[in-house]
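Order of listing sets the numbers, starting from 1, for every ligand and every atom in it.
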Amino acid sequence: MSLTLRACYTATCDICGARYLDPDTDAVALLADEAKAEQTLRTAGWSVLANGYLVCEQTDAAHQQIPGQLSLGAEELSR
Ligand SMILES: [Zn+2]
């Protein structure tokens, strides 16, 4: 038996700390490269933000407030 070191990505939600799990195994998904990781996460309903934040697919109030974004007040919405 030999050991081989391989680098990979895992994904963690910046809001709740949930790890992205492989839907087939329910184990933490090991993603081969950054582009594949972003594609996989977006397909699973995660948000991959320009500032590097990851937000999982949950839709509660905490997940609706994206870090770095300002919410619109009623004044802006009525225009
Ligand atoms: Zn989350």
Side-chain angles (χ1 to χ4, degrees):
M1 181 174 97
S2 62
L3 297 175
T4 303
L5 175 62
R6 290 189 179 175
C8 64
Y9 291 87
T10 62
T12 304
C13 175
D14 285 302
I15 303 296
C16 69
R19 289 273 184 93
Y20 174 70
L21 304 179
D22 185 314
D24 295 330
T25 65
D26 277 342
V28 173
L30 303 178
L31 305 159
D33 59 54
E34 198 168 339
K36 176 69 174 169
E38 287 185 15
Q39 180 184 13
T40 299
L41 293 170
R42 285 192 170 109
T43 300
W46 284 50
S47 297
V48 181
L49 307 179
N51 60 6
Y53 276 83
L54 297 177
V55 181
C56 75
E57 74 284 0
Q58 293 188 51
T59 57
D60 60 21
H63 288 79
Q64 296 298 314
Q65 294 182 340
I66 305 295
Q69 282 191 336
L70 297 174
S71 60
L72 293 176
E75 200 171 294
E76 286 87 1
L77 293 174
S78 64
R79 291 182 187 172

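Under a 4.5 Å side-chain heavy-atom criterion applied to ILVMFWY residues, the cluster that includes Val28 comprises Leu21 as well.
Atoms SG and CG, on Cys16 and Asp60 in that order, are 7.5 Å from each other to the nearest 0.5 Å.
Counting only protein N, O or S atoms, 4 lie closer than 2.8 Å to the Zn ion (ligand 1).
The closest side-chain heavy-atom distance from Cys13 to Glu57 is not below 4.5 Å. Between Thr10 and Leu30, some side-chain heavy-atom pair lies under the 4.5 Å cut-off. Side-chain contact check for Leu41 versus Leu54: some heavy-atom pair is nearer than 4.5 Å.
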> Which is it for Tyr20 and Thr40 under the side-chain contact (heavy atoms from CB on, under 4.5 Å) test, yes or no, and what are the steps along the way?
Replying inline: CA-CA 10 Å; Tyr20 174 70; Thr40 299; 3.6 Å; yes
